[in-house]
Amino acid sequence: MDYLEINRANWDSRVPVHAGSDFYDVDGFVAGGDPLRPFEREEVGDVSGRRLAHLQCHIGLDTLAWARLGAEVTGLDFSGAAVAQAETIAAACGLPARFVTADVYDAAEALGRAAYDIVYTGVGALVWLPDLTRWAQTVAALLKPGGFLYLAEFHPFPDILDEATGTTVTHDYFDREPQVWVEPHTYTGGEVLEHQTSVQFPHGLGEVVSAVGAAGLRVEFLHEHDFTLFQRFATLEVADGRYRVPGGGPKLPLMYSLRASAGG
């Protein structure tokens, strides 16, 4: 099974659906909306005048949000359709940005080695990558001395729990077999996708941290968060765009963020 071509076709199909969805709200972004989460802006800090590479950037909204905050941004995605959409949005916003079509594992060659102050990866990205060791090595190759990786992701722990309540262990946390999904719709809803099959790769938290450390990056922090960005379980309550276990119940780790720096 060629996971890369299967996933590329799937994500090419998602682009027009996502670009027209309320979930991404492209018109709202062009008008000045900000898709970045407050904790991301706080943990990354001031990006003014800094070179930032966004891996797996999809249609570029997060990439362009960092540009609005003063970063010199480059977004990379393996979907040519997504990159074309990102370029269209950048032009509509009048924001300077560079977008490149390439596989994430080829990012150092496509974007330039030791060229970036920040490598940013947004939520929902790592599950599409089979080899985190190679991914972390790619990140390290992109960073200037003293630069850093910032990763915000969905926590792997909830994936072992039942979908309805999030209270019963139903899946093996240590199962690392690729997962093949056939889904007619993307997570934004909307029309039926032309290419419905995707291949995803589960990773534990230890695997992520170990890969980052083995690539020579120094972990500055690993923050686990008791909220997520969507209705992960039917029992979660939402306030201010964050979904949490209802008050009084045992809290769950639903997201995490990691920052790791290159030497120098």
Greater than 12 external heavy atoms within 6.0 Å of D172's CG: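 Check passes, neighbour count above 12.
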Scan residues 217-230 for pairs that pass salt bridge (charged side-chain N to carboxylate O under 4.0 Å, His left out), counting only residues two or more places apart or in two chains.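 Those involving residues 217-230 are E220-R259, D226-R244, D226-K251.
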Mind jotting down which residue pairs meet the salt bridge (charged side-chain N to carboxylate O under 4.0 Å, His left out) criterion with at least one end in residues 140-163? Sequence neighbours excluded, please.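 The answer is D117-K144, D159-R232, E163-R232.
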Quick one: does any side-chain atom of [X] pair with a main-chain N or O of [Y] as donor and acceptor, under 3.5 Å?
| X | Y | value |
| --- | --- | --- |
| N10 | H195 | yes |
| H185 | G190 | yes |
| Y105 | D131 | yes |
| Q231 | F233 | yes |
| R51 | T74 | no |
| E43 | E40 | no |

Pair R37 + D62: basic N to acidic O under 4.0 Å: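 Yes, this pair counts.
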SB check D103 R8 (cutoff 4.0 Å):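 Between R8 and D103 there is no salt bridge, as every charged N stays at least 4.0 Å from the carboxylate O atoms.
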I want to check something: taking the side chain as every heavy atom from C-beta on, are L254 and Y243 in contact at a cut-off of under 4.5 Å?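 Sidechains of Y243 and L254: no contact.
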Show me the side-chain donor-acceptor pairs of residues 202-209 shorter than 3.5 Å, one per line, residues at least two apart or across chains.
unit_1 : atom_1 : unit_2 : atom_2 : d
H203   : ND1    : E207   : OE1    : 3.3
H203   : ND1    : E207   : OE2    : 3.0
H203   : NE2    : L126   : O      : 3.4
H203   : NE2    : L129   : O      : 2.6
H203   : NE2    : F201   : O      : 3.2
E207   : OE1    : R176   : NE     : 3.4

Who else is in the cluster with Y150 when I, L, V, M, F, W and Y are joined by side-chain contacts under 4.5 Å?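 Answer for Y150: L36, F39, V44, V47, L52, W66, L69, V73, I118, Y120, V123, F148, F154, F221, F227, L229, F230, M255.
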So which residues get pulled into V192's cluster when ILVMFWY side chains under 4.5 Å apart are joined, directly or through others?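 Taking Ile, Leu, Val, Met, Phe, Trp and Tyr as members, V192 stands alone, with no cluster partners.
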Run the side-chain hydrogen bond (donor to acceptor under 3.5 Å, both in side chains) test against E237 and tell me which residues pass, sequence neighbours left out.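 Once residues adjacent in sequence are excluded, E237 has no partner under the side-chain hydrogen bond (donor to acceptor under 3.5 Å, both in side chains) criterion.
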Working note: T186 + H18, criterion side chain to side chain donor-acceptor pair (under 3.5 Å); need CA distance, chi angles, decisive distance, verdict. CA-CA 8 Å; T186 180; H18 288 181; 2.7 Å; yes
